[in-house]
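Numbers for residues simply follow the sequence, beginning at 1. When a ligand or atom number is given, it counts from 1 through the structure's own listing order.
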Amino acid sequence: MAEKWVTVAKEGYLEPGELMYVEVEDEPVVLINLDGELHALNDTCTHEDASLSDGTIVGDEIECPLHGGAFYIRTGEPASMPVVVKTEKYKVRTVNGEVQVSLSQE
Ligand code: FES
């Protein structure tokens with residue numbers, strides 16, 4: 001199946017250290033600029049029902065606002081309790097000044 005890329009933002013919209021909530025084909029996604037590199041993770045915490053885009057970037061981790069669990073932004077792997085299940089990590093690219101996300105996993 002061909003990859004489907006969805007435009008979610010203009011290039012440069014997010015500064016390093018910023019994040020935003022976007023939807024890609026009805027999936028909640030958090031788009032994060034980590035040190036100038038864009039990453040997209042599923043926005044729903046795998047612990048309970050919280051939105052990671054309401055959370056905080058701490059180093060190379062995104063901390064959940066509900067119980068303080070965390071995920072590694074570069075991989076989506078759990079970084080601290082009570083998170084034990086990886087969140088989905090999606091592909092991001094920039095084309096003609098537009099940031100695009102594909103729900104195909106990295
Ligand atoms: Fe995210 Fe509990 S809902 S750590």
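- With ligand atoms numbered from 1 in the order given, ligand 1 contributes 4 (S) to contacts under 4.0 Å with heavy atoms of Gly69.
- Counted by atom type alone, Asn33 and Glu15 present zero donor-acceptor pairs between their side chains at under 3.5 Å.
- No side-chain N or O of Glu11 forms a donor-acceptor pair with one of Tyr13 less than 3.5 Å apart.
- In summary, the side chains of Thr7 and Glu98 do present a donor paired with an acceptor at a separation below 3.5 Å, with no hydrogens or angles considered.
- Of all atoms in ligand 1, listed by their number and element, those nearer than 4.0 Å to a heavy atom of Glu48 are 3 (S).
- Here the rule is side chain to side chain donor-acceptor pair (under 3.5 Å) with Lys91, and of His39, Glu3, Gln100 only Glu3 fits it.
- Remark: ligand 1 atoms within the under-4.0 Å shell around heavy atoms of Leu66 are 3 (S).
- Taking 2.8 Å as the criterion, Cys45 does not count as a coordinating residue of atom 2 (Fe) of ligand 1, since none of its N, O or S atoms falls below it.
- Taking 2.8 Å as the criterion, His47 counts as a coordinating residue of atom 2 (Fe) of ligand 1, since one of its N, O or S atoms falls below it.
- Using modelled atom types and a 3.5 Å distance limit, the side chains of Asn42 and Thr87 yield no donor-acceptor pair.
- Among the heteroatoms counted here (N, O or S) of His67, ND1 is the one nearest to atom 2 (Fe) of ligand 1.
- Applying the 4.0 Å criterion to heavy atoms of Cys64 picks out, from ligand 1, the atoms 1 (Fe), 3 (S), 4 (S).
- Only one option out of Leu41, Leu31, Val30, Ile32 pairs with Ser53 in a side chain to side chain contact (heavy atoms under 4.5 Å, CB included); it is Val30.
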